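None of the values given here were measured: they were computed from a predicted structure.
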Amino acid sequence: MAGFDFMLPYYGDVRQMQDAVRSVLAQTDPDFRLVVIDDGREPEVPDWFAQLGDPRVEYLRNEQNLGITKNFQKCVRLSEADHVVIMGCDDLLHPHYLETVRKILADHPGVGMVQPGVEVIDGEGRPVSGLVDQTKRRLYAPKVEGRRLMGGEELAASVLRGNWLYFPSITWRGEALRAVNFRDEYSVIQDLALVVDLLELGEQMAVDTSSTVFQYRRHAVSESSVQAYSGTRFSEAERYFAAVAERMDARGWTKAAKAARVHSASRLHAMTMLPGALRRGRSDGVKVLARHVFTAGERRSPQA
């Protein structure tokens, strides 16, 4: 049986991290390795892992805080298995996650990515369906009944138009993931960049909506939304979309290039953040957000 690694980059709430770990250990398929890479300093965490006494669990604490992207990259480098999940430290697996994904991989043994069914929960673990997730599903996610293989320009254009994926729930083919890894220059949009990089190398994704096996936690306030009020997130997004549009054009993927230049979901997100930036008196953020909303479709240098 192919090896399977759950990589868990950790920083933040101890209780939610412990719940995430328990959800991995509760898998009906017990054949996996869980590696937790601690980027924090909570004093009780090392002892908690020592007391687990489960040989499938490896716990590492970084000597110094690496930040999100560097810790994600470390997770990829330390992964070893044929297939890898880089789950959020506050997300939860359903007990049948691994069993379900293995069945999908058995039907599509060479696939580079698997996007299984996802339920969104709030900070207290209650199912929610907010504007962001309704927009993802109704406007941007492909209509999949059961299972569908996607790849190439079709999937690139789809996710560049609006990133409907739930990155922490995705299973990655380990060899492909380690060959690419996350780009250094992105701290918020790195998941989308990774998917598009893999698509450019010819990888495909199996999208399976037949069963819900992952709970993705959406917080009212997150690092990405804090950056959004200042405009940081969208400055990064502009750089990425400009760069990737040029690559899509060079590849002849004209629909994907257009989707990158228009980036309609990102612009809609920026529009929803404008009132908050105004209320907070973030004039710098308002300028960046407004530019992101109203200048789509222009050809700009990737360095702009």
Side-chain angles (χ1 to χ4, degrees), residues 1-8 23-24 27-35 72 75-76 79-88 91-120 136-137 140-182 190-216 248 251 253 255-256 259:
M1 185 179 294
F4 210 100
D5 281 347
F6 290 102
M7 310 298 294
L8 198 155
S23 77
V24 177
Q27 293 300 294
T28 55
D29 183 334
D31 186 15
F32 60 82
R33 181 179 72 136
L34 168 63
V35 182
F72 279 14
C75 283
V76 173
S79 69
E80 301 173 353
D82 301 297
H83 295 97
V84 180
V85 175
I86 306 174
M87 65 180 292
D91 298 325
L92 300 170
L93 301 177
H94 285 206
H96 291 87
Y97 176 94
L98 181 51
E99 181 181 337
T100 299
V101 169
R102 282 198 193 276
K103 290 177 181 177
I104 298 170
L105 291 169
D107 292 338
H108 307 283
V111 75
M113 298 164 276
V114 175
Q115 172 63 80
V118 173
E119 176 183 49
V120 180
K136 273 190 176 191
R137 288 171 176 154
Y140 298 110
K143 307 307 178 189
V144 176
E145 297 293 337
R147 188 184 305 166
R148 180 178 168 188
L149 273 182
M150 299 183 69
E153 182 177 14
E154 177 194 25
L155 183 52
S158 180
V159 295
L160 289 169
R161 188 176 302 115
N163 187 7
W164 46 269
L165 302 169
Y166 288 92
F167 156 72
S169 71
I170 295 175
T171 291
W172 312 84
R173 188 167 65 85
E175 184 179 7
L177 177 66
R178 289 185 286 272
V180 174
N181 211 330
F182 295 93
Q190 70 269 53
D191 54 339
L192 175 61
L194 175 62
V195 170
V196 175
D197 284 348
L198 287 169
L199 293 175
E200 289 187 84
L201 293 176
E203 299 293 338
Q204 290 186 305
M205 174 179 287
V207 181
D208 193 297
T209 63
S210 59
S211 60
T212 298
V213 294
F214 192 94
Q215 289 185 311
Y216 174 84
M248 296 296 102
R251 185 172 290 276
W253 289 3
K255 291 181 180 179

Non-hydrogen side-chain atoms of [X] and [Y] separated by less than 4.5 Å:
X	Y	result
V207	L155	no
S211	H96	no
V180	W172	no
E80	D5	yes
L192	F167	no
M248	E200	yes
F4	D82	no
D191	L165	no

Please assess L105 against V111 for the test side chain to side chain contact (heavy atoms under 4.5 Å, CB included), listing each intermediate value before the final yes or no. CA-CA 7 Å; L105 291 169; V111 75; 3.7 Å; yes
Rounded distance (nearest 0.5 Å) linking atom [atom1] of [X] with atom [atom2] of [Y]:
X	Y	atom1	atom2	answer
L198	M205	CG	CE	8.5 Å
R137	K143	CZ	NZ	11.0 Å
L194	M113	CG	CE	8.0 Å

So, for [X] and [Y], which heavy atoms are closest and what is the spacing to 0.1 Å?
X	Y	value
A157	A259	O-CB, 3.5 Å
A256	L160	O-CD1, 3.6 Å
W164	S158	NE1-OG, 2.8 Å
L177	V76	O-CG1, 3.7 Å
M87	S23	CE-OG, 4.4 Å
M150	P142	SD-CG, 3.7 Å

Backbone of [Y] reached by a side-chain donor or acceptor of [X] within 3.5 Å:
X	Y	answer
E99	Q27	no
T171	V114	no
D208	P116	no
R102	A2	yes
H94	T212	yes
Q204	L149	no

Please determine whether side chain to side chain contact (heavy atoms under 4.5 Å, CB included) holds for the pair F214 and L93, giving the CA-CA distance in whole Å, both sets of side-chain angles, and the decisive distance to 0.1 Å. CA-CA 5 Å; F214 192 94; L93 301 177; 3.4 Å; yes
Is atom NZ of K136 surrounded by more than 12 heavy atoms (other residues, nucleotides or ligands) closer than 6.0 Å? yes
One pair to check against side chain to side chain contact (heavy atoms under 4.5 Å, CB included): F32 and Y97. What are the steps and the verdict? CA-CA 12 Å; F32 60 82; Y97 176 94; over 6 Å; no
Does a donor on one side chain sit under 3.5 Å from an acceptor on the other, for Q115 and S169? yes
V84: which of R173, R178, R33 passes side-chain contact (heavy atoms from CB on, under 4.5 Å): R178
